[in-house]
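Throughout, a chain's letter reflects where its sequence line sits, starting with A, and its residues are numbered from 1.
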Amino acid sequence: MKEQLQDLIIKSLSDLIAKGLLSELPSKIRLDHTKDKTHGDYATNIALVLAKKIKSDPKKLAQTIVDQLGESALVKKTEIAGPGFINFFLSDESSNAVINDIIDSGDSYGMSTIGLGKSVLLEFVSANPTGPLHVGHGRGAAYGATVSNLLRTVGFKVDNEYYVNDAGRQMNILIVSVYLRYLALSGEKLRFPDNGYQGKYIIDIAESVFEMHGDKWRKSSSLVYKDVCKDGQQGGDKESHIDELIVRTRQLLGEGYEAIFRVGIESILGGIKSDLAEFGVNFEKWFLEQSLIDDGLAKISVDKLKKSGHIYPKDGALWFNTTEYGDVKDRVVVRDNGIHTYFASDIAYHLEKFERGYDKIINIWGADHHGYIVRVKASIAALNHDPNKLEILLVQFANLYRGGKKLQMSTRSGSFVTLKELRNEVGNDAARFFYILRKSEQHMDFDLDLAKSKTNENPVFYIQYAHARICSVFRQAVDKGIEFESQTADLSLLTEDSERALLKELSRYKSVIESSALQYEPHQLAYYLRDLATHFHSYYNICPFLIDDKKLSQARLLLITATKQVFVNGLSILGVSAPESM
RNA sequence: GCGCCCAUAGCUCAGCUGGAUAGAGCAACGGCCUUCUAAGCCGUAGGUCAUACGUUCGAAUCGUAUUGGGCGCACCA
């Protein structure tokens, strides 16, 4: 409908250009759904925009444009209002057309071809596999999965990907943490390092190691701690303490070190995978950082940068001159000990992503990584790819509150609420919905007490309830022996204010999907569904559906059938279920 | 100190990228269940859009400055 109206306006403007009354078409024509029904169904501000250019009275120009439009079956009437808006009132036939459109398209209503033929690589979550996902990761997971669904709905081919940081120092700290817990289980007395992973899950992993291997790798704790410097709380340095423990453990264990690593990563990554799957978040690919190292890609990428003259040695390390691309300082890619940095892996990873040939690459990062954007884009440019192909979406932290107090989240200290705990307490639907209800760049306060104790206040129930109510009406219809024939319904009978309002709200769905998808803003859809539910609940309270006037009843049933379909489609994009009864 | 994000009703947040009288939910107050689920509906009250300039027909939205909050500035990942 909107497209047809837009075409009409363009035609009118083109005719005016042909007559020499205008010089050029505006770059884009805004045609908006009106907020206020007295402003009709759609409104455009083109007269205001154009009048500015050609310095004429916007109201007069609006009138000229309207005159040129002439008659159309689409439009009942047009009005010029305010400073020069053109308001369009759709004819009943054209506004009713949305109903049949929804019914005919069914589950695919809302899909479009905007992204047809374009592929997107969407990387998100990518939490370090050093512990279970906590509620902070949940936001990225829900946001990413929903953006992915939205992009797919508008026609993009999207691959979801999780980058697993299974290499580097943190993995070693994990292994040592597990090993020390294992020693304790074997009967050794020892002091757990300040900087180790404190969570209970480490003990669980140590238990599986013990079950699988017995005390095969038991060493006396005096041997393990021999020559290791003092820990932070003992007046030493906690970083050196853990690093020396790593070296020591590796020496003592030999191949056992790798075996413990296997048990640890499989346990943690397995947990993350099932956690996300249960949350309705699925990935096409789990990309291992270690594979970049095994394939030598990190080294190859650094060599490529070297060849193009972006690398220079200093203080025994190799530096990438990212300042040339606007970074505040150059960055080390290979340390003086010959080991490449995390950044080097990331350069390789992004290069690899680009070489896979996607049209668009999107990374969803926690906002604490924003300082990283410039250098990653620098590496892309330096390797002769287009940095604009890479879009980085930042998700702000969710601050957790319990008992009115802000909780500090730290994987290291083991003090965090896991995503799984949250899902168990508030349910997947509420969690998915709550997470995306806030704009991603908005800081979000997640009050656990509220989410847990007063779940009825969560707007997701309000929407689901609307859907369940519609289902209930149809169950009653069956009980009463009322047959519903969607083909015979006469939509012109829908004349009540509340049903016109609901119908108008339904007609917004497609543009909401489009806008949510292209702006990566799932919250727009969430808010839309809530508004739709409001219109429905209001309608429900005013107009009965199962009534003696058979024709009117059929028309109303058709309207709520379409409404139900939009709920189903919209909720499915959000990853929220549409229960038939509540 | 430098950089990024943010500031809208008592609380939590929208505001369709510059449009018409700034909107929801919760909390508060008053109504609506012998008829399709009251997890609902209808109404009342609540705002100097952090502050000050500027840009123009028009600013919560854009620009500059100030204030206040979050985060980041490693040869960690």
Side-chain angles (χ1 to χ4, degrees), chain A residues 30 32-36 38-39 43 45 48-49 51-52 57-58 81-85 87 128 130 165 167-171 173 239 289 314-319 327-329 331-343 345-346 366-374 394 396-397 399 437-439 441-447 450 454-459 461-462 464-466 468-477 479-480 482 498 508 511-512 514-516 519 521 523-524 526-528 530-531 533-534 536-547 556-557 560 581-582:
Chain A
R30 286 195 63 115
D32 296 322
H33 292 272
T34 53
K35 286 182 230 173
D36 186 334
T38 62
H39 297 148
N45 65 349
L48 288 162
V49 175
K52 197 173 195 171
D57 179 15
F85 292 104
N87 294 335
N128 290 338
T130 53
N165 297 122
R169 180 168 178 259
Q170 58 184 355
M171 280 295 112
I173 295 175
E239 303 293 343
E289 182 188 0
K314 193 181 100 183
D315 303 333
L318 291 182
W319 297 71
D327 202 355
V328 290
K329 59 171 286 195
R331 308 288 171 176
V332 170
V333 286
V334 180
R335 293 193 275 257
D336 56 8
N337 61 9
I339 297 172
H340 69 257
T341 59
Y342 172 81
F343 179 40
S345 289
D346 229 18
D368 54 334
H369 285 74
H370 65 76
Y372 211 70
I373 297 174
V374 175
L394 294 177
Q396 292 290 337
F397 278 151
N399 294 319
L437 195 56
R438 255 89 236 189
K439 240 184 344 194
E441 66 261 35
Q442 179 74 255
H443 296 271
M444 160 181 180
D445 288 340
F446 202 131
D447 187 330
L450 188 79
K454 297 162 126 186
T455 53
N456 287 356
E457 287 174 7
N458 196 310
F461 292 102
Y462 181 78
Q464 290 179 318
Y465 182 47
R469 267 184 155 175
I470 296 173
C471 294
S472 174
V473 168
F474 282 98
R475 282 193 296 270
Q476 307 272 331
D479 290 349
K480 290 188 178 178
I482 296 171
S498 58
R508 280 181 55 212
S511 45
V512 168
E514 226 180 272
S515 158
S516 306
Q519 294 176 65
E521 290 188 349
H523 75 275
Q524 287 186 27
Y527 276 91
Y528 167 79
R530 212 197 51 193
D531 288 345
T534 299
F536 169 74
H537 284 308
S538 182
Y539 180 40
Y540 180 95
N541 272 271
I542 294 169
C543 297
F545 309 117
L546 306 172
I547 47 176
R556 288 180 174 172
L557 287 173
I560 64 172
S581 64
M582 291 176 73

Inset, instruction - Under 4.0 Å between any heavy atoms, over every strand shown, what does A/A466 touch: base, sugar-phosphate, or nothing? Just pick one. - result: nothing
Legend entry - Side-chain-base donor-acceptor pair under 3.5 Å for A/D531 and B/rA14: no
Legend entry - Length of the line joining A/I542:CD1 and B/rG40:P, which is rounded to integer Å: 16 Å
Legend entry - Sugar-phosphate, base or nothing in reach of A/Y372, heavy atoms under 4.0 Å: base
Inset, instruction - Under 3.5 Å for both distances, Watson-Crick or G-U wobble, that's the pair rule; now give the dot-bracket for RNA chain B, with | marking pairs to another strand and [ ] for crossing ones. - result: (((((.(..((((.....[...)))).(((((.......))))).....(((((..]....)))))).)))))....
Inset, instruction - Report which part of the nucleic acid A/D368 touches: base, sugar-phosphate, or nothing (heavy-atom distance under 4.0 Å, all strands). - result: sugar-phosphate
Inset, instruction - Answer with yes or no whether A/H370 presents, from its side chain, a donor or acceptor under 3.5 Å of a partner atom in the base of B/rC71. - result: yes
Inset, instruction - Select base, sugar-phosphate, or nothing to describe what A/Q519 touches, counting heavy atoms under 4.0 Å on all strands. - result: base
Inset, instruction - Pick base, sugar-phosphate or nothing for A/N87, based on heavy-atom distances below 4.0 Å to the nucleic acid. - result: base
Inset, instruction - Looking at every strand, decide which applies to A/C471 at a 4.0 Å heavy-atom threshold: base, sugar-phosphate, or nothing. - result: nothing
Inset, instruction - Indicate, with a heavy-atom threshold strictly under 4.0 Å, whether A/S472 touches base, sugar-phosphate, or nothing. - result: base
Inset, instruction - Let me know the distance between OH of A/Y528 and C1' of B/rA14, rounded to the nearest Å. - result: 16 Å
Inset, instruction - For A/Y540, answer base if it contacts any base atom (sugar-phosphate contacts may also be present), sugar-phosphate if it contacts only those atoms, and nothing otherwise; contact means non-hydrogen atoms under 4.0 Å. - result: base
